[in-house]
Amino acid sequence: MSAKPERWAIVGGGFLGMTLAHRLAQHGKKVTLFEGASQLGGLASAWNLGEVVWDRHYHVTLLSDRYLRSLLGELGLEKEMQWVETRTGFYTEGKLYSMSNTLEFLQFPLLGIWDKFRLGATIFYASKINNWRELEKIPVGDWLRRWSGTRTFENIWLPLLRAKLSENYKKASAAFIWAIIARMYAARRTGLKKEMFGYVPGGYARILERFGEMLVKEKACIRLRHVAKKVEWVPGGGVCVAFENGHKEVFDRIVLTMAAPYLARICPQLSEDERSRLMGIQYQGIICASLLLKRPLAGFYVTNITDSWVPFTAIIEMSALVDRTHFGGNTLVYLPKYVTPDDPAFSLTDQEVEETFVQALLRMYPHVYRSDLLCFRLSRVRYVLPISTLHYSERLPPMATSIPGVHIVNSAHIVNGTLNVNETIQLAEKALGRLLSLPTRAVSVPLSKEDKSNEAYR
Ligand SMILES: Cc1cc2nc3c(=O)[nH]c(=O)nc-3n(C[C@H](O)[C@H](O)[C@H](O)COP(=O)(O)OP(=O)(O)OC[C@H]3O[C@@H](n4cnc5c(N)ncnc54)[C@H](O)[C@@H]3O)c2cc1C
C-alpha cells in the first residue's frame, strides 16, 4: 500500500505562497493554499478602475528578473512580454527634469559638476560591492553622506530616503540603498545603459489567472476568504489552523507567508525569542492611489520628487510603459505615499486623500485639469516593506519555528535584495529545498540546531 501524501497548508496567497504551493504540489504533496482575501495575488493583485482592470500597485519586470521570467515561462506568458525603454523624471524646486541618460544627468542644474561626479561615483561604487553584510553595520545616511558629500546628501539622497522610508530612514542600514542600486544597475542593458522595463499584456490579472489555473491542474486546493486566526500544534496530531469563518483543519505541516506582526499574533505557541524577533522587524506601509486620466502627464515611468510640499512620494505613469490601449486610450498613474504603519494618514478618508493628492498633481502639471480625472481609487497596506535595519540578517526569526510542523517564510527573509516579485519567487525556490529535506511527518520531533538556522535559505 502506498503511503498517504503529506498534507501541507500554505497560508497567504501572494506570490510567495503560490510559488511554494506550486512547487510542493509538483513534489507530490497534498497542498491547500489559504488566502484571506477574495482573490489571489496579495500585493500584486489586480483591481478595477472603472472599466480598466490593472494592478492595484504598480508593477514592472526587469530583464534581469530571471526567477520571475522563468515562472512566466512555465505559465506560457514569457514570450508575450513587452519590453520598453523608459524615461525617468525628477521633480525638484517646483520644476520637472528628465534624468534618463548621462547627458541629462550632466545638464541637471541643481548640482555642481563635483557633486555629480561624487553622486555618480557613489552609485558606481555601490554597484560593485559584493559584501553587503559589511553595509549592514553602517546607517544608510552616514554611508551616503560619506561617499556623496553633505550637499548631495541633503539635496538628493535625503528627500529620496524620506520618500521611501519617512523618518524610518534613520533606522536603515547602507544595505538598503545598496540593494536598490544593485537592482537598478541590473535593469540597464550592458553597453546601451538603457532602462528596459517589461510587462505582460493584461498585467498581473492575467498572470494570476494563469497561475491559479496551473495550481488547480496540479491538484492544489485553493481556499479564498480564509483568514487564519490561530495556528497550533496538536500533540501527536499535526498542526491545526483555525480561520475567522469558523473553519478548522489539521495538516502535517504549515508554511505561513504573511507579514511578521500578523504571524506573531496567530501563533500563541511561539517562544518569547521568536515573538520578539518577529515584532522587531520594522515595516513601511503604503497608501497608493490609482488615477485614470484623459491626458498624459510627462511620459516618465517614474518621477522622483524632492519637494516636501508634495503629499505623495513619487509619480508612476504606468501608461508611459504599458500601451494606452490597455487603459481604454487613457493614462494610468499611481501616486504612492510610503508611511510608517502607525501614520495618521491611514485614518484619512478616501475623499480627503483624493482632494490633497489631486490638488498637488494639478499644481505640478498645469496642462492637466480636474475634468481630466476619470477615476480615483486608493489602496492602503500597513505592512509592506520590511526595512533592512542595522545588523538585520542576524536578527531575523528562523524559518523553522520551535512549534513542530510550523514554518515561516515571508518577505522579511529577503536579506540581500529589495522587495519585488523576482526576489519573492527566488526566496520560495530556496526555502523549498529546505522544506523538502525535512523528515517526513516529524511533527513531534524537536528541531535540530541546523533546522533552526536560516543559513540554507540565503
Ligand atoms: C506599491 C508597490 C509597488 C511594487 N512594485 C513592484 C514592481 O514594480 N515589481 C516587482 O517585481 N514587485 C513590486 N512590488 C512588490 C511585490 O508586490 C511583492 O514583492 C510581492 O507581491 C510579495 O508577495 P508575498 O507573497 O511575499 O506577499 P503578499 O503579496 O503580501 O502576500 C501575502 C498574502 O497573505 C494574505 N494574508 C495575510 N494575513 C493572512 C491571514 N491571517 N490568513 C490568510 N491570508 C492572509 C494576504 O491577504 C496576502 O494575499 C511592489 C509592491 C508594492 C506594494
Side-chain angles (χ1 to χ4, degrees), residues 9-21 32-46 55-62 64-65 67-69 71-72 86 164 180 183-184 187 197-200 203-204 207-208 211 222-231 241-245 247 254-267 283-290 301-302 312-314 316 318 321-322 334-339 378-386 408-414 417-428 431:
I10 311 287
V11 182
F15 262 83
L16 191 47
M18 291 175 81
T19 309
L20 284 170
T32 307
L33 174 64
F34 293 102
E35 165 55 44
S38 56
Q39 59 173 336
L40 293 172
L43 294 173
S45 59
D55 313 346
R56 181 162 67 112
H57 304 116
Y58 49 95
H59 278 78
V60 285
T61 302
L62 308 190
S64 49
D65 284 347
Y67 288 89
L68 171 55
R69 291 180 64 188
L71 182 68
L72 291 174
T86 58
K164 196 83 179 186
I180 293 178
R183 179 162 166 81
M184 295 327 291
F197 285 171
Y199 68 95
V200 170
Y204 269 80
I207 299 172
L208 289 163
F211 206 164
I222 300 172
R223 296 269 175 267
L224 302 175
R225 297 183 196 84
H226 276 65
V227 179
K229 67 169 185 187
K230 200 170 187 184
V231 172
V241 50
F243 297 90
E244 281 182 1
N245 60 11
H247 180 69
I254 185 164
V255 187
L256 304 166
T257 69
M258 65 280 252
Y262 297 132
L263 278 164
R265 209 175 295 160
I266 66 169
C267 297
Y283 279 85
Q284 271 303 84
I286 197 168
I287 292 175
C288 186
S290 296
Y301 174 68
V302 179
F312 35 84
T313 47
I316 316 297
M318 187 52 79
L321 166 72
V322 176
Y334 293 87
L335 303 178
K337 179 182 175 73
Y338 285 90
V339 285
L378 208 57
S379 163
R380 299 176 179 83
V381 190
R382 269 184 212 274
Y383 304 108
V384 173
L385 174 73
I408 294 173
V409 185
N410 71 5
S411 56
H413 289 111
I414 298 172
T418 59
L419 181 75
N420 59 68
V421 177
N422 187 63
E423 286 283 354
T424 302
I425 296 169
Q426 182 177 4
L427 173 67

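Quick caveat, the model's predicted, so the values are computed rather than measured. Basis for what follows: all heavy atoms, side chains included, without hydrogens, waters or symmetry-related copies. Both ligands and their constituent atoms are indexed starting at 1 by order of listing.
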V421 neighbourhood, listing ligand 1 atoms whose heavy-atom distance to it stays under 4.0 Å: 10 (C), 11 (O), 12 (N), 16 (C), 19 (O)
Within-cut-off N or O pair, V384 and ligand 1, under 3.5 Å: no
Check each of M258, M18, E35 against atom 46 (C) of ligand 1 and report the one with the nearest heavy atom. E35
Interfacing atoms of ligand 1 (cut-off 4.0 Å, heavy-atom, N420): 10 (C), 11 (O), 12 (N), 15 (C), 19 (O)
With heavy-atom distances below 4.0 Å as the criterion, list the atoms of ligand 1 near G41. 29 (O)
For the 3.5 Å polar cut-off, considering only N or O atoms, please tell me whether A37 and ligand 1 meet it. no
Restricting to non-hydrogen atoms, name the atom on C267 and the atom on L256 that form the minimum distance, rounded to 0.1 Å. SG-CD1, 3.5 Å
Name the closest protein heavy atom to atom 34 (O) of ligand 1, giving the residue it belongs to and the distance to 0.1 Å. G12 CA, 3.2 Å
Interfacing atoms of ligand 1 (cut-off 4.0 Å, heavy-atom, H226): 42 (N), 43 (C)
To check your reading of the model: name the closest protein heavy atom to atom 50 (C) of ligand 1, its residue, and the distance in Å. H59 NE2, 3.5 Å
Counting only heavy atoms closer than 4.0 Å, does ligand 1 sit against the backbone of T424, its side chain, both, or neither? side chain
Is there at least one pair of N or O atoms, one from G17 and one from ligand 1, spaced under 3.5 Å apart? no
Taking the side chain from Y283 and the backbone from A260, do they hold a donor-acceptor pair closer than 3.5 Å? yes
Contacting atoms of ligand 1, where contact means under 4.0 angstrom from a heavy atom of V11: 42 (N), 43 (C)
Any protein heavy atom < 4.0 Å from atom 27 (O) of ligand 1: no
What atoms of ligand 1 come closer than 4.0 angstrom to any heavy atom of I286? 1 (C)
Atom pair CG/CG of L43 and D55 - distance to nearest 0.5 Å: 11.5 Å
Would one find an N or O of F15, backbone or side chain, under 3.5 Å from an N or O of ligand 1? yes
With sequence neighbours left out, the residues meeting side-chain contact (heavy atoms from CB on, under 4.5 Å) with R380 are I287, F346, D350, L378
